[in-house]
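Step one of this worksheet: look at the structure below.
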Amino acid sequence: MKLTDWRIFRAPLMKASLFLGAAVAGLTAGSAAHAQGKDPIRIGVIAEAQSVAGSSIPLGAQLAADEINAAGGVDGRKIEIVSYDNHSSSAESVRAFQRAVNEDHVNAVIASYISEVVLALEPWAARLKTVMITPGAASDVITQNIAKDYEHNKYTFHGYLTSTSIAQLVCDAAKDLLVKDYKMKTAVIMSEDAAWTTPLDASYEKCLPEAGLKVLDHIRFSPDTTDFTPIFNKIEGEKPDVMITGISHVGTQPTVQWKSQQVPIPMLGVSSQATNSTFWKDTNGATEGVLFNAVSGPDVAVTPKSLPFVSAFQKRFGNFPSYAGYTSYDEVYYIADAIHRAGTTDSDKLVDALEKTDWVGTIGRIQFQGKDTPYPHALKIGEGTITGLMLQWQDGKQVNLWPREVANGKLKFPPFIKTN
Amino acid sequence: MLFWQILIDGFAISALYALGATGFTLIFGVSGVLNLSHGALMVAAVVAAWVAGGDLGVGSYLGATIGVLVGLALTMLTYFAVVRPLQLTRKIREQEKEIFILTATLLWGIMIQELIAYLYTNNAKTVLPIVEGVVMIAGVRTPANEIFTAVICWLVIGLLWLLVNRTRAGKAVLAASMNARGVTLLGIELSFVYVAVWAIYGVLVGIAGVLLGMFLGVSSYSVGPLTASAFSIVVLGGLGSVSGSLIAAYVVGYLETITAYLVSPAYRTIPALLLLVFVMYVRPRGLLGRR
């Protein structure tokens, strides 16, 4: 954390001391609720504070809460964010979840960008009957579990795209950008071995041929891989027109080695770390030309709320939000909206209200799929809801290329890339 | 083609392993310390070089130099703040000191790792490369950076050999690794020898770290695997034997590269670990170990 970021603690600290003061005053007066008017709504945030993607989650949530509170709160009730660092560990996340519900009495939880963590929390959301929304995990299994046992697992909501949806968006973008414009015909899928890439790869295999790209090979590698030379050499030997990526735990290393080995094949797909504004610096600029799927971009007005959010975030925290920062910001807003509509924080009624969510956020229009669909509580995608973007790193900036209506640049490859 | 590819890639990665393991085995040979903060020191050097090259914008040469210096400074801090006090204390029995130092360096490494993750996140970092571009060798498109890595590694190992075998100070170090008491009888201050060895180790760690950062990149997660890889190379080669470590580094490096190319990159490290287990069975002191 940089020196400039110390400010982020100021507001929570002030809030904490205010709350403590109020609580003490309330105890002496007999009831805290009377002293404050109404109980605050508490939202627990469990996230990976040490990773670039995860560190934006509590910050985005706090920003939303402060904006809502400044505007008078939800029916007079303030929103309070209680955040927990899970050190990227499922076990610590479960402990944090139990503590959030049993000791800190939160009304809902926003949790993690790692699918394995969210899958570990899902049964706990069911047991403790507490609404949980993930701002960044992608595995389809999260919502498949809800389909299997709705009554039990209905407390979980998927606030980010499922892997299947992401793959579909990547294929759509590849069709427009590569097949139509560059006449590309073949692809190799290259992805890390993790829970979220299993459905992603399965969907890639299906939708890439439909988009006009023949899949020549499918390479899955361990997320511990440090030397990508053999992988790139193998792919190059198969002579595909493009590499379709599915990477999140790794990012810097394959990108830097792609550049230093001058692998002549472009990379397009999911590269979560590339969505971070710091990725240019992390890779010393090696990311020039990398194409990556995202739900948002720093200069892209996906909705009228996107750019004001980015500038408020940047002004307050000194850096740009990661993709999970956008979604956690939206989540606080639509949780607040659902509580307002339900008129209560009772979990079952909150679930009913959340299912009826129709909220224009920073990444698009948020609506959840119904309980009779194969992916209940997953975000609806497509025109009118969330379309996603395809961005490219160009000269230190993330430039949006697709969909063309919101594009602010043109596809450009570094000199070592060979296209026909 | 594949043959040349394996030969070239394996050579570079092995050279890097060799450099990393040399320092590790040197301090064990001379002062009997197994430094489990090894990986953390390397990662700290990389992050320092990354910060210097990126945030401070000092360029690749100065950035790399700063990385090496931070590696050296942190190594000396490890010695004076963690290892030395434990060696000198009378509160711990002599025969228990080894395990105390082992635990202390392990914890020290974790502290450095967590601090790096806290300050600079656990995302991987890479050092601004000194040389860029690619060179064709026998039809293999090789990054110039990879050649640079191998050349610097061998240059440093060569200089170390000269230092140890051709200079008076180096011979004292060699003597101390054979018989510490004998060295003191010759009127050489043993504590100076230790400081000198740790300083040499610090420079080796810094250079190995910065080169690794340029070649592959590291994150705070790499701390454990880096220590483990140095440890297994050194055990395979024979604890305390520098030439054993060099041979072991090449055995491990090529075994990994061959596996990655011919079997699957996912199983890269497995055969080398199986070999280690096998060697432990038939020759517990390692390839060139004395004990």
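Quick caveat: nothing in here was measured; it's all calculated off a predicted structure. Below, chain A is the first sequence line, B the second, and so on; all start at residue 1.
Counting heavy-atom pairs closer than 4.5 Å to chain B, the top-ranked of the candidates A:Gln273, A:Arg220, A:His87, A:Lys234 is A:Gln273. Comparing B:Glu132, B:Met214, B:Glu114, B:Gln5 by how many heavy-atom pairs each has under 4.5 Å with chain A, the most go to B:Gln5.
Contact annotation for A:Ser88: only side-chain heavy atoms (C-beta onward) come within less than 4.5 Å of a heavy atom of chain B. B:Tyr221 touches chain A through its side chain: at least one heavy atom from C-beta onward sits under 4.5 Å away, while N, CA, C and O do not. Only the side chain of B:Asp9 comes within contact range of chain A, with heavy atoms under 4.5 Å apart. Interface residue A:Asn276: only side-chain heavy atoms are found under 4.5 Å from chain B. Residue contact with chain A, scored on non-hydrogen atoms closer than 4.5 Å, involves the backbone of B:Val127 exclusively. Heavy-atom distances place no part of A:Val250 under 4.5 Å from chain B, backbone and side chain included. Contacts between A:Val256 and chain B at a heavy-atom distance below 4.5 Å involve the side chain alone, from C-beta outward. For A:Glu48, no part lies under 4.5 angstrom from a heavy atom of chain B.
Within the model, atoms CG of A:Asp227 and CD of B:Glu146 stand 8.0 Å from one another, a figure rounded to the nearest 0.5 Å. Atom CG of A:Asp282 and atom CG of B:Asn123 lie 6.0 Å apart (nearest 0.5 Å). Distance check, rounded to the nearest 0.5 Å: CG of A:Asp224 to CZ of B:Arg268 gives 12.0 Å. Atoms OG1 and CD, on B:Thr142 and A:Gln262 in that order, are 11.5 Å from each other to the nearest 0.5 Å. Taking NZ of A:Lys281 as the start and OG1 of B:Thr126 as the end, the distance is 11.5 Å to the nearest 0.5 Å. We find the CD-CG distance between A:Gln261 and B:Asn145 to be 10.0 Å, quoted to the nearest 0.5 Å.
Of all non-hydrogen atoms in B:Val134 and A:Ser260, the two that sit nearest each other are CG1-O, 3.5 Å. Residues A:Pro230 and B:Ala260 approach most closely at CG-CB, 3.6 Å, considering heavy atoms.
Put simply, the side chain of B:Arg141 reaches to within 4.5 Å of the side chain of A:Pro264, judged on heavy atoms. Using a 4.5 Å heavy-atom threshold, the side chains of B:Thr121 and A:Thr278 count as separate.
Contact residues of residues 36-46 of chain B toward chain A are absent (heavy-atom distance under 4.5 Å).
Around the OH atom of A:Tyr84, the shell of radius 6.0 Å holds more than 12 heavy atoms that belong to other residues, nucleotides or ligands.
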